[in-house]
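Worksheet: one structure, shown below.
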Protein chains: 2
Amino acid sequence: MAKRRADGLSKEVIVRAAAAILDDGGEAALTFRALTARLSTGYGAIYHHVANKSDLLAAATDDVIARVVRGAVADAEPREALRTVALALFDAIDEHPWVGAQLSREPWRPALLEVYERIGSLLDALGVPERALFDAAGALVNYVLGVAGQNAANARLLTAEEADRSAFLASVSARWEALDPDEYPFVHKAAAHLREHDDRAQFLAGVDLFLAGIATLR
Amino acid sequence: MAKRRADGLSKEVIVRAAAAILDDGGEAALTFRALTARLSTGYGAIYHHVANKSDLLAAATDDVIARVVRGAVADAEPREALRTVALALFDAIDEHPWVGAQLSREPWRPALLEVYERIGSLLDALGVPERALFDAAGALVNYVLGVAGQNAANARLLTAEEADRSAFLASVSARWEALDPDEYPFVHKAAAHLREHDDRAQFLAGVDLFLAGIATLR
DNA sequence: ACCTGAACACCGTTCAAGT
DNA sequence: ACCTGAACACCGTTCAAGT
């Protein structure tokens with residue numbers, strides 16, 4: 001079972017290099033040319049370990065998600081554990097936006113199986129009736145992935161520094177505020193909240209709404 | 001205000017042609033070469049009306065979403081109206097999977113503004129306290145877009161006929177069933193439900209969970 | 001003002017040839 | 001068995017030239 005390592009390529013080495021490129025420069029930066037340069041090898045060497053680019057992206061995503069799901073501490077209280085797992089996923093995807101984009105593009109991957117298992121059994125432990133368990137798990141996982149995708153898109157939009165973020169939010173907020181309050185009453189009011197809102201807190205608020213809804217099923 | 005139409009291009013004509021190509025052949029089919037062929041014109045003519053491919057995709061998405069939001073009947077009862085709008089979005093994205101992919105890639109678009117307005121003011125009408133209104137609207141929109149993205153990914157996976165769908169679900173289900181029930185208790189149990197689950201019904205169940213959670217805020 | 005299409009600078013992927 | 005890198009078939013986008 002000993003794998004050769006010191007020299008020679010392996011899928012693991014390639015996947016890690018791809019993840020590093022994705023973290024540095026985003027999805028556009030991951031090309032086979034960049035990868036061969038970084039690993040000082042040829043195209044064929046990479047294709048020998050990896051089927052194609054899509055396979056490579058999927059493997060890198062599985063890697064990140066598996067680490068998160070394994071790493072999340074097993075809290076005693078299921079409700080708290082659910083919030084912890086959800087937040088861990090949120091933070092991982094915030095740190096690696098390409099994971100969010102990939103997850104909303106390729107479901108049914110091994111990585112998501114782990115996520116479903118974790119969230120599903122926590123909901124079970126929470127006392128959700130079996131009849132509603134699968135819908136509830138599906139909804140919660142979809143919510144987490146949905147926010148993940150949006151967050152990834154935002155991160156891609158704001159590739160630059162932190163100052164850009166508030167400038168961007170301020171400009172969207174100003175645009176919303178300028179709308180006719182009769183035609184857009186909600187968005188007009190929401191503009192103020194947008195400027196100072198915290199993505200992470202809003203994400204958790206959504207999880208809590210879900211859990212509150214689920215609690216009514218008991 | 002009269003626009004020339006009989007001959008000559010316009011952004012509208014280009015966007016409609018792009019939508020038709022996307023509906024027919026998916027995202028991979030939309031190339032500027034295919035577009036020039038369909039419109040029997042040159043690249044420059046298209047670039048004269050459209051900034052780039054990303055702009056074109058965004059405009060086509062806005063078009064579809066705007067039609068859905070405008071088209072959804074204004075139900076008297078806000079709870080029922082929310083379910084109607086959510087289902088209308090689900091169905092539109094099921095019919096045009098590329099819209100789902102685009103929405104999870106480019107938020108803050110005019111199209112989403114309409115969605116936020118509609119969902120936000122319905123939640124307001126439902127009596128959600130102002131303090132929780134923006135988190136609730138954000139969570140619900142994110143849920144809808146999350147499912148949309150997943151659905152789009154599934155649709156892309158199952159480009160062929162309906163028979164493929166049940167065959168695919170059966171194979172995933174079999175893989176889940178084969179997992180060790182001690183290590184994967186939830187997924188193992190979920191396998192049976194997966195085979196016969198209805199995406200549309202599960203989506204609505206998620207919306208209802210949300211609304212139940214929101215009802216506890218009053 | 002609007003359109004044409006050759007040309008450019010990229011991609012992912014293949015494959016004959018090497019060790 | 002594993003690796004190399006020239007070559008192929010594509011892309012999006014530009015731009016000098018036309019009407």
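Below, chain A is the first sequence line, B the second, and so on; all start at residue 1.
Distance from the side chain of A:Thr31 is smallest to C:dG12 among C:dG12, C:dT4, D:dT13. Among the nucleotides D:dC3, C:dG12, C:dT4, the one closest to the side chain of A:Thr41 is D:dC3.
A straight line from CG of A:Asn52 to C1' of C:dC15 spans 17 Å, rounded to a whole angstrom. As a whole-Å value, the separation of B:Ile14 CD1 from C:dC2 C1' is 11 Å. Going from atom OH of B:Tyr47 over to atom C1' of D:dC15 covers 12 Å, rounded to whole Å. Rounding to whole angstrom units, CZ of residue A:Phe32 and P of C:dT14 are separated by 10 Å. Rounded to whole Å, atom P of C:dC2 lies 15 Å from atom CD1 of B:Ile46. The CD-P distance, from B:Glu27 to D:dC11, rounds to 15 Å in whole Å. As rounded to whole Å, 17 Å separates atom P of C:dC10 from atom CG of A:Leu30. Remark: C1' of C:dG5 and NE2 of B:His48 are 16 Å apart, rounded to the nearest angstrom.
Inter-residue side-chain proximity for B:Arg118 and A:Phe186 is flagged as unmet; no heavy-atom pair is nearer than 4.5 Å. Side-chain contact between A:Val64 and A:Trp98: present, with at least one pair of heavy atoms (C-beta onward) separated by less than 4.5 Å. Side-chain contact check for A:Ile65 versus A:Leu89: some heavy-atom pair is nearer than 4.5 Å. Annotation: side chain of B:Leu113 is in contact with side chain of A:Leu179 (closest heavy-atom distance under 4.5 Å).
Residue A:Arg33 is the one, among B:Gly44 and A:Arg33, whose nearest nucleotide of DNA chain D lies closer to the 5' end (criterion: closest heavy atom).
Contact check, A:Tyr43 against D:dG5: no side-chain N or O comes under 4.0 Å of OP1 or OP2. Taking side-chain N and O atoms only, A:His49 has no distance below 4.0 Å to OP1 or OP2 of D:dC2.
Using the Watson-Crick or G-U wobble rule with both distances under 3.5 Å, C:dT4 pairs with D:dA16. Pairing of C:dC10, defined by two Watson-Crick or G-U wobble distances under 3.5 Å, is not identified with any nucleotide.
One finds a salt bridge joining B:Arg105 and B:Glu27 here, because a Lys/Arg side-chain nitrogen approaches an Asp/Glu carboxylate oxygen to under 4.0 Å.
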